[in-house]
Novice: 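Dropping a structure here in structure tokens format, bear with me for questions.
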Amino acid sequence: MAAIITADWCDRAATAVAPDLIGCTLVRQFASGIIVRGQIVETEAYMPGDPACHAYRGQTRRNAAMFGPAGVSYVYFIYGMYHCLNVVTDAVGQGSAVLIRSAQLESIPPDLPPKQASQPKRIAAGPGKLCRALQLDRAYDGLPLEPATGLWLEHRRGDPPELVQTTRIGLSQAQELPWRWFLKGSRAVSRGIQSSR
DNA sequence: CTGAGGATCCTG
DNA sequence: AGGATCCTCAGC
């Protein structure tokens with residue numbers, strides 16, 4: 001069984017954590033006890049001073065977790081429909097996090113919406129789809145990433161994977177910053193194998 | 001209290 | 001290309 005990722009490992013700049021998280025495992029234990037694992041294949045970094053970062057205009061109720069200690073979840077609600085999962089990074093007071101955009105699940109999670117049955121590899125291909133598949137909502141905002149909360153991370157084993165670094169997706173500001181990483185050749189990346197928008 | 005916008009996703 | 005859908009925050 002792989003080693004669990006600790007808070008101090010996340011206590012670095014988001015741009016350092018984001019590529020290191022590729023190939024690591026996101027683990028979700030549902031209330032029923034069922035455990036689903038997924039290999040993280042796509043991440044984005046959001047930094048202090050970054051206009052696209054939710055923390056850019058200071059702390060609010062919504063983004064409070066980003067200013068807290070590293071190794072905690074930040075889950076937000078977007079477009080009236082989707083939730084997105086982040087790992088909070090860096091020191092207390094630094095509003096920064098890594099968005100988990102896609103994971104390749106090792107098993108089919110329970111209670112999937114009927115529509116999502118098609119491609120197993122793509123069940124969590126995209127930040128909104130990932131949270132829907134793993135049943136994560138704002139109740140999971142601000143929780144330490146550890147087994148007791150039903151959501152945690154495990155280190156990868158073996159050699160570092162081959163990464164592609166490119167620009168982030170879906171932004172109206174700071175679109176030029178190359179702070180998105182994905183696993184080279186992965187078919188579980190959001191929007192197929194696209195690079196940017 | 002009001003309104004504008006958003007780190008998405010699916011359909012046509 | 002456009003629509004669904006609603007929370008959040010800034011502004012009045």
Side-chain angles (χ1 to χ4, degrees), chain A residues 10 13-19 21-22 26 38 40-68 70 72-90 94-105 109 111-142 145 151 164-183 186-197:
Chain A
C10 302
T15 44
V17 175
L21 273 176
I22 304 293
L26 177 66
I40 296 172
V41 299
E42 184 182 6
T43 59
E44 286 178 356
Y46 289 88
M47 296 281 284
D50 164 15
C53 179
H54 285 175
Y56 184 62
R57 286 176 177 78
Q59 183 171 339
T60 65
R61 183 198 248 70
R62 175 213 205 192
N63 66 20
M66 296 184 83
F67 291 87
V72 167
S73 61
Y74 165 52
V75 177
Y76 65 90
F77 182 67
I78 191 77
Y79 298 121
M81 227 175 278
Y82 297 100
H83 294 272
C84 296
L85 169 68
N86 294 254
V87 176
V88 174
T89 53
D90 221 321
Q94 300 292 308
S96 68
V98 172
L99 172 68
I100 309 297
R101 285 195 60 91
S102 301
Q104 182 166 336
L105 303 186
D111 305 321
L112 267 194
K115 190 206 293 187
Q116 238 183 79
S118 56
Q119 289 269 355
K121 277 185 179 173
R122 301 194 53 79
I123 286 174
K129 296 172 70 178
L130 185 147
C131 283
R132 192 174 51 182
L134 300 183
Q135 299 176 32
L136 299 173
D137 58 22
R138 284 230 88 198
Y140 274 80
D141 179 58
L145 296 168
L151 185 66
V164 178
Q165 178 177 6
T166 180
T167 51
R168 298 175 294 183
I169 288 183
L171 305 181
S172 56
Q173 307 204 53
Q175 301 165 353
E176 71 286 357
L177 296 174
W179 287 350
R180 170 173 172 245
W181 290 264
F182 62 88
L183 186 60
S186 172
R187 277 188 250 183
V189 168
S190 66
R191 302 171 177 273
I193 310 282
Q194 310 320 326
S195 52
S196 58
R197 179 197 288 181

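We name chains A, B, ... by the order of the sequence lines, and we start the count at 1 in each one. All figures in this text were calculated on a predicted structure; none of them were measured in a lab.
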Novice: Check the distance between B:dA7's P and A:Asn86's CG and give it to me in whole angstrom.
Specialist: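 In whole Å, B:dA7 P and A:Asn86 CG are 11 Å from each other.
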
Novice: Please report, rounded to the nearest Å, how far the C1' atom of B:dT8 is from the NZ atom of A:Lys129.
Specialist: 11 Å

Novice: Can you tell me how far C1' of C:dA4 sits from OH of A:Tyr82, to the nearest Å?
Specialist: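 So the OH-C1' distance, A:Tyr82 to C:dA4, works out to 8 Å.
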
Novice: Could you write out DNA chain C as a dot-bracket string, with dots for unpaired bases, | for bases paired across to another strand, and Watson-Crick or G-U pairs counted at under 3.5 Å?
Specialist: ||||.||||||.

Novice: Taking side chain to side chain donor-acceptor pair (under 3.5 Å) as the test, write out the residues that go with A:Thr43, two or more places apart.
Specialist: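 With neighbours one apart ignored, the set is empty.
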
Novice: Apply side chain to side chain contact (heavy atoms under 4.5 Å, CB included) to A:Gln135 and list each qualifying residue two or more places apart in sequence or on a separate chain.
Specialist: A:Arg28, A:Phe30, A:Pro110, A:Asp111

Novice: What integer distance in Å separates A:Glu42:CD from B:dA7:C1'?
Specialist: 11 Å

Novice: Do side-chain atoms of A:Ser186 reach the backbone of A:Ala188 as a donor and acceptor pair under 3.5 angstrom?
Specialist: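 Yes: the side chain of A:Ser186 pairs with the backbone of A:Ala188.
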
Novice: Output all residues satisfying side chain to side chain contact (heavy atoms under 4.5 Å, CB included) with A:Pro178, sequence neighbours left out; order by chain, then residue number.
Specialist: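 So A:Pro178 forms a side chain to side chain contact (heavy atoms under 4.5 Å, CB included) with A:Gln165.
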
Novice: By a strict heavy-atom criterion of less than 4.0 Å, which residues belonging to residues 48-56 of chain A are in contact with DNA chain C?
Specialist: none

Novice: What integer distance in Å separates A:Asp137:CG from C:dT5:P?
Specialist: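 Those two atoms, CG and P, are 19 Å apart.
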
Novice: Roughly, in whole Å, what's the span from CG in A:Leu171 to C1' in B:dG5?
Specialist: 14 Å

Novice: Take A:Arg168 and A:Asp50 through the salt bridge (Lys or Arg N to Asp or Glu O under 4.0 Å) test and state the conclusion after the steps.
Specialist: CA-CA 12 Å; A:Arg168 298 175 294 183; A:Asp50 164 15; 2.7 Å; yes

Novice: A:Leu99 has an atom CG; how far is it from atom C1' of B:dT8, in whole Å?
Specialist: 11 Å

Novice: My understanding is that only residues two or more places apart in sequence, or in another chain, count here; which of them pass side chain to side chain donor-acceptor pair (under 3.5 Å) with A:Tyr76?
Specialist: none

Novice: According to the 5.5 Å centroid and 30° plane-angle thresholds, does A:Tyr46 stack upon the nucleobase of B:dA7?
Specialist: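 Yes.
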
Novice: Could you go through residues 77-88 of chain A and list every donor-acceptor pair under 3.5 Å that involves a side-chain atom there, pairing it with any protein atom two or more places apart or in another chain?
Specialist:
from: A:Asn86; atom 1: OD1; to: A:Leu99; atom 2: N; distance (Å): 3.4
from: A:Asn86; atom 1: ND2; to: A:Tyr74; atom 2: O; distance (Å): 3.2

Novice: Would you please name every residue forming a salt bridge (Lys or Arg N to Asp or Glu O under 4.0 Å) with A:Arg138, sequence neighbours left out?
Specialist: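 Partners of A:Arg138 by the salt bridge (Lys or Arg N to Asp or Glu O under 4.0 Å) criterion, ordered by chain and then number, come out as A:Asp141.
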
Novice: Take nucleotides 6-12 of chain C nucleotide by nucleotide from the 5' end and write B, S or -, depending on whether a protein heavy atom sits under 4.0 Å from the base, only from the sugar-phosphate, or from neither.
Specialist: BSSS---

Novice: Kindly say if A:Arg132 contacts the phosphate of B:dC9, meaning a side-chain N or O under 4.0 Å from OP1 or OP2.
Specialist: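 No.
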
Novice: Considering only residues two or more places apart or on different chains, which pairs with a residue in residues 53-64 of chain A satisfy salt bridge (charged side-chain N to carboxylate O under 4.0 Å, His left out)?
Specialist: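 Salt bridge (charged side-chain N to carboxylate O under 4.0 Å, His left out) check on residues 53-64 of chain A returns no pairs.
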
Novice: According to a strict under-4.0 Å criterion, is A:Ser190 in side-chain N/O contact with OP1 or OP2 of B:dC9?
Specialist: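 So the side chain of A:Ser190 is outside the cut-off, no N or O lying under 4.0 Å from OP1 or OP2 of B:dC9.
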
Novice: Using the test side chain to side chain contact (heavy atoms under 4.5 Å, CB included), find all partners of A:Ala70 that sit at least two apart in sequence or belong to another chain.
Specialist: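 So A:Ala70 forms a side chain to side chain contact (heavy atoms under 4.5 Å, CB included) with A:Cys10, A:Asp11.
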
Novice: Looking at A:Ile169, A:Thr167, A:Val164, which one forms a side-chain contact (heavy atoms from CB on, under 4.5 Å) with A:Arg180?
Specialist: A:Ile169

